[in-house]
Amino acid sequence: MKIINILNSPFRAILFCEMSKQFTLGKDERLKSRKLIEQLFDTGKSFVVTPFRVYFILNSELSAGKERSLLQFGVGASSKNFKKAVERNRIKRLTKEAWRLQKNALEEKVKASVKQLNVFFIYTGKELPDFAMVKDKVNVALKKLVDTIDESISQNS
RNA sequence: GCUACAAACCGAGCUAUCGUUUCUCGCCUUAGGCGAGAGAAGGAAAGUCCGGACAGCACAGAGCAUUGCACCGGUGAAAAGCCGGGUAUUUCAACCGAUGCCGAAAAAGUAUGUUGAAAUAACAGAUAGUGCCACAGAAAAUAACUGCCUUCUCUCUCUCCUUAAGGAGAGGGUUGGGGUGAGGUUGAAAAUGUGGGGUAAGGGCCCACAGCUUUUGAUGGUGACAUCAUUAGCGGGUAAACCUUGCAAGCUGAAAUGCCACAUAUACCAUCGUUUGAGGACUGCUCGUCCGAUGAUGGAGGGUAGGCAGAUUGAUCCCGUUGAGCAAUCACCGGGACAGAUAAAUGAUAGUUUAGAAACAGAAUCCGGCUUACGAGUUUGUAGCGUUU
RNA sequence: UGACCCAUGGUGUAAUGGUAGCACUACAGAUUUUGGUUCUGUCUGUUAAGGUUCGAAUCCUUAUGGGUCAA
């Protein structure tokens, strides 16, 4: 009963949530729909952070459905550069892990600006990376995304 | 003891923190959320080289084509799989040993033979037919050329007879005709090899020995086949050239297919056609049969791209006892195991153990094989090297 | 996932099972005061490993690499 009480109190609820659910990457946080991905590649913008090319698109929250998460994410590696499925899997896993551990700041920013963001990473390098490098580069990309959100807000206002 | 190769086994474990996915249970609430528990890549999941299951379409039938396979028996759902056997070739070992060829001799414990072991084999047919066989060589296959023979012809010389023509004999030439077939430097391959007889000259033309193929019979074996006797022969190679014979195969693959939801355009343009038949089905073609009018083909354009089933327990795999079998494998009983995603799950970080913070490598409908890639160690086998006795 | 095709010097392409050819490129030489043009010569090759055959770029098998089609 004590636990329920704690859950019911608004302050505690936020704290609990932040502690336990900080570094998740569930189904609704990943880009799943083929249609949305095609839209992202057709109309979205992109920039390059050395081994990665990052596609993103900012939607207003109203246009997106309520069920969808505010921030959705996807990774890819071309089978031309990496012929073996094991290598492609490894790149996707490393990138997912790096995103999972570092995306929180961006999520807060998106929430604050009342928008919805879709991001897709494509690995364009030709050699297998290690985790430290991937983590570093994803961090750079995240900072760039935060900057672009700031710009769009300032333009609107 | 070391190294190499082949086969079999195994294909890392533990702790902490964060995280993914499926199922079950509980709570809140019926949109979903939270918590707990359990499960979560391979020996090759790979290549897609074979074979199936399963599904859809088709299924009165006939012929042709196409593709694949090819010693025998067993096994298996089936297979270019597996097991056992036969035959051939090669290598090794042991034994017999010049009986053949060549030669003046050496050659030699060599060839050949017998037995055993291992390896390899797309291992039906070259006497159904067609094609091809570079260079070299006379010739790469009914043959021609060269050579040999000729008491056929032509022609020259000499001798004899008769003397008008001519005739007879001997010797030479080789234009032509006839006979003959392996002697002819080559080549990967040359009409079975050697000896003798025979002949105008020669030839398996005949004989002896040897080799190979074949007919028939007997014996053994389920059979391939083997042994013995007998009969007829000696024809180059190539079928992984076309092909012939026998056997098998309907076509398409889960992005198949069925259902639900959502959305639209039965509109527009061109060509053909409406019983004098466009087009379609029998799925490669033909015959034949059937269907056939709000029709067929193409162009340009519009809409959707969500969910459920298929779909993960099946010819299933593993272990053990017993039985059948040489074995592959099969049968009975007992026990155990088996992921299920859909932009697609097994991860990251730190520490630690072995041995170096392991190699090859990631399920996507599912099985049986084959092939290829690979790590450390153990066992077995083969080969080589070194040390000791 | 399924089906299919291809591989010849550095590049583009030929070659009935019988000496791997052609063009461009590169290099060297000649011509020219020098460079270019032109001429002459040289270098470099059948994707790999097995098999069939007297003999394989070619036929067969396996592997490697590249490409095409099917929503």
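All values below were derived from every heavy atom in this structure, side-chain atoms included, with hydrogens, water molecules and symmetry-related copies excluded. Proteins come first, then strands; the chains are lettered A, B, ... in the order of their sequence lines, and each starts at number 1.
Here C:rU13 sits opposite C:rG21 as a Watson-Crick or G-U wobble pair (both hydrogen-bonding atom distances under 3.5 Å). Pair check for B:rC14 finds B:rG351; Watson-Crick or G-U wobble, both atom distances under 3.5 Å. Under the Watson-Crick and G-U wobble criteria, each requiring two contacts below 3.5 Å, nucleotide C:rU40 is paired to C:rA28. Pairing of B:rA36, defined by two Watson-Crick or G-U wobble distances under 3.5 Å, is identified with B:rU24. Under the Watson-Crick or G-U wobble criterion, with both distances below 3.5 Å, B:rU271 is paired with B:rA296. As the counterpart of C:rA70, C:rU1 is assigned, both hydrogen-bonding distances of the Watson-Crick or G-U wobble pattern falling under 3.5 Å.
One atom, CG of A:D130, and another, P of B:rA348, lie 12 Å apart when rounded to the nearest Å. Remark: C1' of B:rA46 and CZ of A:R88 are 13 Å apart, rounded to the nearest angstrom. Between A:D136 atom CG and B:rA348 atom C1' the separation is 16 Å, expressed in whole Å. Atom C1' of nucleotide B:rU21 and atom NZ of A:K96 are separated by 10 Å, given to the nearest angstrom. Distance CD (A:Q72) to P (B:rA344): 11 Å, rounded to an integer number of Å. Atom NZ in A:K92 sits roughly 10 Å away from atom P in B:rU346 (whole-Å rounding). Taking atom CD of residue A:Q102 and atom C1' of nucleotide B:rC18, one finds them 14 Å apart after rounding to whole Å. Summarising the geometry, the separation between CZ on A:F131 and C1' on B:rG19 is reported as 11 Å, rounded to the nearest angstrom.
B:rA44 sits 16 Å from B:rG362 when the P atoms are compared, rounded to a whole Å. Between B:rG74 and B:rC49, the distance separating the two P atoms is 32 Å to the nearest Å. If you take atom C1' in B:rU75 and the same atom in B:rC326, they sit 14 Å apart, rounded to whole Å. B:rA107 and B:rU90 are spaced 26 Å apart, taking the C1' atom of each and rounding to whole Å. To the nearest whole angstrom, the two C1' atoms, one in B:rU245 and one in B:rA239, are 13 Å apart. Atom name C1', nucleotides C:rA28 and C:rU13: the rounded distance is 27 Å, in whole Å.
Here C:rA49 is in the anti range [glycosidic angle more than 90° from 0]. Nucleotide B:rG204 is shown with a syn base, its glycosidic torsion being within 90° of 0. Base orientation for B:rA357: syn, the chi torsion being within 90° of 0. B:rG43 shows a glycosidic angle within 90° of 0 and is accordingly assigned syn.
At a cut-off of 3.5 angstrom, counting only N and O atoms as typed in the model, there is a donor on one side and an acceptor on the other between the side-chain of A:R93 and the base of B:rG362.
A:W99 is not listed as a side-chain neighbour of A:V75, based on a closest heavy-atom distance of 4.5 Å or more. A:V54 places none of its side-chain heavy atoms less than 4.5 Å from the side chain of A:V48.
When the nucleotides B:rG362, B:rA343, B:rG347 are ranked by their closest atom to the side chain of A:R90, B:rG347 comes out on top. Between B:rC18, B:rU349, B:rG362, one nucleotide has an atom nearer to the side chain of A:N89 than all others, and that is B:rG362. Out of B:rG19, B:rA348, B:rA363, the shortest distance to the side chain of A:R100 is found at B:rG19.
When hydrophobic clusters are built by joining Ile, Leu, Val, Met, Phe, Trp and Tyr residues whose side-chain heavy atoms come closer than 4.5 Å, directly or via intermediates, A:L106 is grouped together with A:V140. A continuous path of Ile, Leu, Val, Met, Phe, Trp and Tyr side chains, each step under 4.5 Å between heavy atoms, connects A:F47 with A:V138, placing both in one hydrophobic cluster.
Proximity of the aromatic rings of A:F56 and A:F120 is defined here by a centroid distance below 6.0 angstrom, and this criterion is not met. Aromatic rings from A:F121 and A:Y55 are positioned such that their centres are separated by 6.0 Å or more.
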